[in-house]
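Convention: sequence-line order gives letters A, B, ...; per-chain numbering from 1.
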Amino acid sequence: MPELPEVETTKNGIAPHILNQTIERIDIRQPKLRWPIPDDVPTKLPGQVVHSVTRRGKYIGVQTDAGTLIIHLGMSGSLYFVAPETPPMFHDHVDIHFAGLNKVLRYTDPRRFGAMLWQEGDWQTHELIAHLGPEPLTDAFNIDYLYEKAKGRKQAIKQFIMDSKIVVGVGNIYANEALFMAGIRPTHAAGNISKARLAVFVDCIKTVLAAAIAQGGTTLKDFVSGEGKPGYFKQELKVYGRAEQPCVTCQAPLKEIRQGQRSTVYCAHCQK
DNA sequence: CAAGACTCCTGTCAGC
DNA sequence: TGCTGACAGGAGTCTT
């Protein structure tokens, strides 16, 4: 389940290998991902040179002069290189071949929650991307911005912060962790939290994500060879996946509830 | 507009 | 042992 750190690491891992390389062909064995892979992907990409690989939220853009291949890993997707003749397994849906490159970029996604899309021109104008909130690690995501967005909102802070129109890249795991670090109860209405506490929350989100990206590089450092298995550094997680276990701060057993079909774990003593 | 429910998909695991 | 059902989860879409 790639969160933003894994997507960033994936992007950084594949970019140096495919930059300035010419796409030879795209083999699509299973076009039915979250949405069908558009015909433009296999028809317009061959012959194109990759001139940049960038990330927006959890979307990766592989840009060429003809257009951009937009990739989302969903929750079970991964991208990695394999030797050219490596036989595909059942969930290996797409292979991207490059001219003169002695390896193939393979997309695997057992649950097919991921996507491959196509956008000509500026790829960030794609309708799924144009309305996304700011990147969490940029200055655009700051206390003044978040306070304005939260004003009047009755939605629980956890669900609010997981809304990609508010800010991208804060998935369930990191929402739980950042709320614990900030000492904020996940069920607290977003609009009722003081500006001072929201400011702490902003800092905690940045801290948690930055640390995870730093670790993500380590977690997935072998993924280029196709062996990477992200573990989210479970020992680093303070609340996620630790229901009923003692709070690392006060030893009280952590509580688990459900918010919008998502599991939330928190410490009723430390998070107010 | 806001908020919640529903949906896609399959591996994993608990329960019988 | 094998089957059934619940569950997880990103995020778009539908409903209220």
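- Between Q159(A) atom CD and dA11(C) atom P the separation is 15 Å, expressed in whole Å.
- Applying the under-4.5 Å side-chain rule to Ile, Leu, Val, Met, Phe, Trp and Tyr, the cluster around L128(A) extends to W35(A), Y59(A), I70(A), L117(A), W123(A), I129(A), L132(A), V168(A).
- Under the salt bridge (charged side-chain N to carboxylate O under 4.0 Å, His left out) criterion, no residue pair touches residues 160-179 of chain A, with sequence neighbours excluded.
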Next item on the list: Take nucleotides 5-12 of chain B nucleotide by nucleotide from the 5' end and write B, S or -, depending on whether a protein heavy atom sits under 4.0 Å from the base, only from the sugar-phosphate, or from neither.
Entry: B--BBBB-
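- Scanning for side chain to side chain contact (heavy atoms under 4.5 Å, CB included) contacts around P88(A) gives R29(A), D92(A), R106(A), with sequence neighbours left out.
- Residue I96(A) comes nearest to V104(A) through the heavy atom pair O-CG1, 3.6 Å, listed as atom of the first residue, atom of the second, then distance.
- The distance from atom CD1 of I166(A) to atom P of dG10(C) is 17 Å, rounded to the nearest whole Å.
- The list of salt bridge (charged side-chain N to carboxylate O under 4.0 Å, His left out) pairs with a residue in residues 50-72 of chain A, not counting sequence neighbours, reads E3(A)-K58(A), E8(A)-R55(A), R55(A)-E135(A), R56(A)-E135(A).
- In this view, K154(A) satisfies the side chain to side chain contact (heavy atoms under 4.5 Å, CB included) rule with no residue, not counting sequence neighbours.
- Among the atoms of the strands shown, only primed sugar atoms or phosphate atoms (P, OP1, OP2) are found under 4.0 Å from some heavy atom of L128(A).
- The side chain of K154(A) contributes no N or O atom lying less than 4.0 Å from OP1 or OP2 of dA2(B).
- Residue pairs meeting the salt bridge (charged side-chain N to carboxylate O under 4.0 Å, His left out) criterion with at least one partner in residues 193-202 of chain A, sequence neighbours excluded, are D144(A)-K195(A).
- Taking the screw axis at each terminus of the helix from dA2(B)-dT16(C) to dC16(B)-dG2(C) from five consecutive base pairs, the angle between the two is 50° to within rounding of 10 degrees.
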Show me the side-chain donor-acceptor pairs of residues 257-269 of chain A shorter than 3.5 Å, one per line, residues at least two apart or across chains.
{"unit_1": "R258(A)", "atom_1": "NH2", "unit_2": "Q261(A)", "atom_2": "O", "d": "2.7"}
{"unit_1": "Q259(A)", "atom_1": "OE1", "unit_2": "T264(A)", "atom_2": "OG1", "d": "2.7"}
{"unit_1": "Q259(A)", "atom_1": "NE2", "unit_2": "P186(A)", "atom_2": "O", "d": "3.3"}
{"unit_1": "T264(A)", "atom_1": "OG1", "unit_2": "K158(A)", "atom_2": "NZ", "d": "2.9"}

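- Checking dG12(C), dA8(C), dA2(B) against every side-chain atom of R153(A), the shortest atom distance belongs to dA2(B).
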